Amino acid sequence: MSQTRRQYPFHVIEPKWQEVWERQQTFRAWNPGEIIPAGHPFAQRHGCDSGALPPKCYILDMFPYPSGAGLHVGHPEGYTATDILARYHRARGSHVLHPMGWDAFGLPAEQFAVKTGQHPRKATEANIATFKRQIRSLGFSYDWTRELDTTDPAYFKWTQWIFLQMYQAWFNPDTSRAEPIDTLPYPSGLTTDEERRAYRDGRRLAYVAEMPVWWCEQLGTVLANEEVLDGKSEVGDFPVIRKPMRQWMLRITAYAERLLQDLDTIDWSPALKEMQRHWIGRSEGAEVTFAVAPASTRPGSPAPAITVFTTRPDTLFGATYMVLSPEHPLVDPLTTDAQRPAVETYRRQAATKSDLERTELAKDKTGVFTGAYAVNPVNQEPIPVWIADYVLASYGTGAIMAVPAHDTRDLEFARAFNLPVRVVVQAPGSRDSIGYVDDGVSVNSGLITGLPTPEAKRKITAWLEERGLGRRTVNYKLRDWLFSRQRYWGEPFPIVWKRDARGRLHHEALPESALPVLPPHLTDYKPTASGQPPLARAQDWVNLPDGAMRETNTMPQWAGSCWYYLRYLDPRNPSAFCEPAAERYWMGAAAAAHPVPGERAGAGPGFPASEAPATRPGVDLYVGGTEHAVLHLLYARFWHKVLYDLGHVSTPEPFHRLVNQGLILGEDGQKMSKSRGNVINPDDVLKDYGADAFRLYEMFMGPLEMVKPWNTQGVEGVYRFLGRVWRLFVEDQSETEFDQAMTADASRARTWLDQVRLSPAVQDAAATPAQLKTLHACIRKVTEDLDHLRFNTAISALMVFVNEALAWECKPAAVLREFLILLQPLAPHLAEELWSKLTATFPTPPGARATPAPALSYQPWPAWDPSLLAEDMIEIPVQVNGKLRGRIRVPAGATSAEFEAAARACEKVQPFLAGKTVRKAIVVPGKLVNLVAV
RNA sequence: GCGCGCGUGGCGGAACGGCAGACGCGCCAGACUUAGGAUCUGGUCCCGAAAGGGGUGGAGGUUCAAAUCCUCUCGCGCGCACCA
């Protein structure tokens with residue numbers, strides 16, 4: 001490919017403009033109060049007063065983890081989409097914030113460190129350098145002055161600071177908000193400081209708990225539920241086991257309801273919202289307390305009771321046994337001596353079972369009878385208590401009442417162990433009531449017999465509540481977030497451990513002045529022999545002079561990405577995570593105070609009022625892969641809400657609009673992977689076709705959100721298009737001279753490029769109506785398509801324009817000028833080069849609007865003029881009985897009757913009307929005529 | 001199993017319920033050329049000489065009119081997966 005002649009000298013053009021943008025800081029965004037230099041193109045368009053900034057538009061990419069493998073063609077897909085929109089909105093007059101950074105803490109760099117002893121920072125820096133070079137070579141309009149790195153102490157100082165905000169807060173259930181921990185009321189019984197501390201520490205948003213966690217021996221760390229797939233670690237695919245450990249947790253469950261409710265306020269795809277809803281997993285039901293039968297109670301000990309959660313309290317009369325999860329605390333006290341050996345064996349097996357084994361065994365229910373009986377509160381019937389691993393310790397109360405007639409799992413279990421099945425819900429029609437799990441009518445159920453399920457639920461719950469036997473409850477699948485990792489390459493906790501007078505350990509927050517807490521220097525990054533995290537190796541770091549010991553866990557990789565979008569707003573601020581004025585401006589809370597400038601609000605003919613950009617609360621557009629549909633996006637929303645409650649941010653949601661780009665598959669239609677050998681390296685594509693072609697192709701492949709295969713021949717297609725654009729503007733002869741000069745002396749490429757002349761067909765001439773129509777149709781299509789993220793059809797519209805314009809004898813400079821403004825967001829390098837040539841010859845073409853700024857990136861987006869698009873005569877199809885039979889040409893303003901008359905008169909239509917009566921004529925003015933004839 | 005999404009030429013994909021296949025790839029023919037894997041021109045859903053007929057995974061339905069809306073069904077993809 002590199003042998004053949006280039007379509008146009010992108011290899012000279014692209015570095016040239018990237019340098020210009022860098023030197024000029026063209027895409028720098030300005031904070032309120034910042035001094036804007038008069039010479040900057042932003043100032044030339046909007047003025048220098050940063051107290052009166054135009055409306056903001058925050059366009060954000062999910063920042064990458066800079067891996068050693070370098071950029072993948074999937075990364076630039078989203079980045080190109082956001083860059084096009086950033087450039088488009090800049091042209092439309094918005095003040096665009098479009099930043100990039102690095103999510104650089106993480107396991108690969110640490111594992112490399114464990115192997116080589118090299119500090120992870122070194123690998124991280126090298127990877128960032130590669131990523132940055134690759135991303136820059138694509139010509140994205142990022143404001144690089146806001147670049148972030150989550151591993152930079154100046155950044156993670158504030159990650160630690162936010163952790164402290166959570167540590168120093170509790171969730172007030174009365175207000176449903178986080179509040180400072182000083183406002184926590186204490187129960188009257190707590191008198192000593194120790195008691196109050198224990199109470200307080202148990203209510204913080206960041207708390208410590210002994211939790212059964214997934215421990216991964218190979219990685220030497222615990223993992224969150226979400227990081228474990230089928231009993232293997234998501235990273236590395238190593239086996240994991242269940243193990244109780246002391247861990248930091250974040251109380252995300254307190255926000256379950258708000259995380260769910262507020263989904264309704266944001267503009268995300270329904271599929272994505274659905275995934276979050278499922279993850280949160282709200283279900284309404286009741287907790288019901290079953291007394292343990294006196295015979296099963298140990299003499300002398302208080303009578304225990306088993307509380308279960310059920311979404312079907314109406315089936316209480318059908319409960320024929322109960323099941324505790326193997327880990328349930330009542331298993332031990334309830335188990336009879338006769339059953340104890342069997343129960344113990346079963347519990348041991350359940351503890352060592354991996355998730356994979358549990359899943360595989362899902363079809364065959366297992367369990368053991370404890371020997372104990374509980375009493376059904378509605379009918380005093382004694383029912384046996386079993387343990388089984390199909391009941392999860394972590395959901396609800398860890399215990400269930402089993403209603404085999406109306407629950408599939410209970411039915412399987414009952415059949416496996418020959419337990420009774422009692423129908424209490426009558427299925428509608430002739431359906432079998434056994435195994436019927438949907439709503440029906442209660443039967444054999446005492447006071448609720450005869451009631452439809454919803455009413456039965458209400459009545460029985462009220463009955464239970466009156467007697468103190470149960471209460472209405474809402475349960476969530478969402479679990480608290482396991483927030484500590486036994487790793488080196490992560491943020492240390494700003495926490496120390498101290499002993500009280502009785503020698504008991506407790507934790508305390510370090511003061512803000514101690515931030516950032518830097519990790520110690522190590523030579524060995526492995527966990528210690530005793531299973532302690534690697535930080536424990538640095539004893540002089542761990543042990544402080546006052547006898548306190550530092551926390552040796554680190555935060556998970558998710559931490560840094562939970563708030564990076566806020567740091568971009570004020571990335572170098574040493575005294576706050578973000579200055580409030582900047583936060584209000586960029587997150588849109590202050591939007592109402594800024595009137596929309598006339599140029600945009602005016603909504604000229606080509607900008608219908610509904611299209612006038614409205615400032616949105618939060619990030620205007622966030623683009624990234626679906627792999628973050630739940631975790632990152634839920635965690636970030638959670639942190640944002642905490643910061644909102646504590647008054648640090650002004651919007652309840654961080655990301656107003658979110659779009660997932662679709663996966664790019666290999667040329668074979670398979671997922672790209674090294675083992676398949678179908679990985680496309682962006683560097684190779686750039687070398688052969690240039691950045692503009694690469695960008696254009698990624699967008700031309702199909703709708704952004706769709707999964708689509710790569711096709712290198714497709715790249716050639718858009719590359720040829722860019723070649724046609726080039727030839728539309730330049731003179732052939734001077735291009736040949738350029739090639740010859742390059743062969744002779746490639747070192748003077750920029751000079752030769754400057755000598756390429758504009759085609760003589762480009763003239764200072766008035767555009768013909770046909771040319772204007774071509775232009776304005778293009779303006780309209782590109783504008784509407786970009787507004788709806790339809791990049792592929794926008795590109796197609798540009799192609800249509802170029803195909804027509806190539807045929808023009810005379811190419812009016814004013815028309816080409818507008819075309820370049822449309823091209824700029826998509827193929828910015830080529831557009832800039834041609835713009836510089838065009839404006840050098842035609843500084844202000846007749847009929848063009850005045851140019852307030854010389855930089856193409858700040859040229860106002862053109863509006864289309866509908867009057868130029870209007871046709872005098874239109875051609876529309878004529879159908880007979882819904883089938884296309886002919887076409888008629890009629891004046892655009894014709895009446896329905898005229899349309900109909902013309903249709904009946906149409907020669908091609910006549911034969912199909914012969915011998916028939918037109919019963920009805922459907923006339924869609926300007927669209928079509930359909931004659932219904934019998 | 002449950003939930004969500006998607007099925008249109010040889011391929012990627014277009015198409016406010018109103019001309020199916022825009023645009024691009026590929027392919028065919030031609031022009032310019034020492035040459036063409038550059039460029040330009042024309043053609044390209046299927047059957048048919050034409051008139052015409054058929055056609056958006058399949059089967060029904062709503063409608064004057066369905067790729068588009070509804071029901072069922074098949075296939076593919078993604079997510080969740082004993083959540084009581």
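Letters A, B, ... are given to chains in the order of the sequence lines, protein chains preceding strands, and every chain is numbered from 1. No hydrogens, no waters, no symmetry mates; every other heavy atom, side chains included, goes into these values. Just so it is clear, the model here is predicted, and its values are computed rather than measured.
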State which of [options] makes the closest approach to the side chain of [X].
| X | options | result |
| --- | --- | --- |
| Arg720(A) | G18(B), A38(B), G54(B) | A38(B) |
| Ile922(A) | A22(B), C19(B), C64(B) | C64(B) |
| Met275(A) | G24(B), A84(B), G79(B) | G79(B) |
| Tyr390(A) | C82(B), G12(B), C19(B) | C82(B) |
| Arg885(A) | G52(B), G24(B), C80(B) | G52(B) |
| Pro703(A) | A14(B), G26(B), C80(B) | A14(B) |
| Asn930(A) | A65(B), G24(B), A84(B) | A65(B) |
| Lys908(A) | C80(B), G24(B), G52(B) | G52(B) |

- Message: Ignoring hydrogens and geometry beyond distance, is the side chain of Arg887(A) in donor-acceptor contact with the base of C19(B) at under 3.5 Å?
- Response: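 Answer is yes: a donor-acceptor pair is held.
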- Does Lys365(A) make a side-chain donor-acceptor contact with the base of C82(B), cut-off 3.5 Å? yes
Between [N] ([atom2]) and [X] ([atom1]): distance, integer Å:
| X | N | atom1 | atom2 | value |
| --- | --- | --- | --- | --- |
| Gln879(A) | G17(B) | CD | P | 16 Å |
| Glu412(A) | A81(B) | CD | C1' | 14 Å |
| Leu316(A) | A84(B) | CG | C1' | 13 Å |

Distance check, [atom1] atoms only: [N] and [M], in whole angstrom units.
| N | M | atom1 | answer |
| --- | --- | --- | --- |
| U8(B) | G37(B) | P | 33 Å |
| G57(B) | G52(B) | C1' | 27 Å |
| G18(B) | A67(B) | P | 10 Å |
| G10(B) | G17(B) | P | 27 Å |
| C82(B) | C72(B) | C1' | 30 Å |
| G3(B) | G12(B) | C1' | 29 Å |

Over all strands shown, is [X] touching base, sugar-phosphate only, or nothing at heavy-atom distances under 4.0 angstrom?
| X | result |
| --- | --- |
| Asn803(A) | sugar-phosphate |
| Val924(A) | base |
| Arg282(A) | nothing |
| Gln7(A) | sugar-phosphate |

- Message: Would the distance check show the side chain of Arg676(A) and the main-chain N or O of Lys671(A) forming a donor-acceptor pair, the cut-off being under 3.5 Å?
- Response: yes
Output yes when at least one side-chain N/O atom of [X] is less than 4.0 Å from OP1 or OP2 of [N], else no.
| X | N | result |
| --- | --- | --- |
| Lys920(A) | U63(B) | no |
| Arg277(A) | C4(B) | no |
| Arg727(A) | C40(B) | yes |
| Asn792(A) | G24(B) | no |
| Thr408(A) | C82(B) | no |
| Arg790(A) | A22(B) | no |
| Arg724(A) | C23(B) | no |

- Item | Side-chain touch Asp314(A)/Ser445(A), heavy atoms, less than 4.5 angstrom |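 A side-chain contact is absent here, since even the closest heavy-atom pair is not under 4.5 Å.
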- Query: With side chains defined as the heavy atoms from C-beta onward, is the minimum distance between Arg277(A) and Leu260(A) less than 4.5 Å?
  - Reply: yes
- Partner of G42(B) by Watson-Crick or G-U wobble geometry, both contacts under 3.5 Å, or none? C28(B)
- Query: Whom does C69(B) pair with, Watson-Crick or G-U wobble, provided both distances fall under 3.5 Å?
  - Reply: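 Pairing partner: G61(B).
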- Task: Identify the two heavy atoms, one from Gln670(A) and one from Asn678(A), that lie closest to each other, and give their separation to 0.1 Å.
- Result: O-ND2, 3.5 Å
- Task: Taking all heavy atoms of Asn376(A) and all of Leu316(A), pick out the closest pair and write down the distance.
- Result: ND2-O, 3.0 Å
- Query: For RNA chain B, whose closest nucleotide is more 5', that of Gly281(A) or that of Ala271(A)?
  - Reply: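 Comparing both residues, the 5'-ward one is Ala271(A).
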- Message: If you assign each of Met701(A) and Pro270(A) to its closest nucleotide in RNA chain B, which residue comes earlier from the 5' end?
- Response: Pro270(A)
- Query: Can a cation-pi geometry be assigned to Arg637(A) and Trp268(A), taking NZ or CZ under 6.0 Å from the six-membered ring centre and within 45° of the ring axis?
  - Reply: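 Geometry flag: set, cation within 6.0 Å and 45°.
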- Item | Cationic tip of Lys365(A) above Tyr390(A) ring, under 6.0 Å, 45° of axis | yes
- Task: Could you tell me if the ring centre of Trp808(A) sits under 6.0 Å from that of Phe801(A)?
- Result: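 Yes, they do, as the ring centres are separated by less than 6.0 Å.
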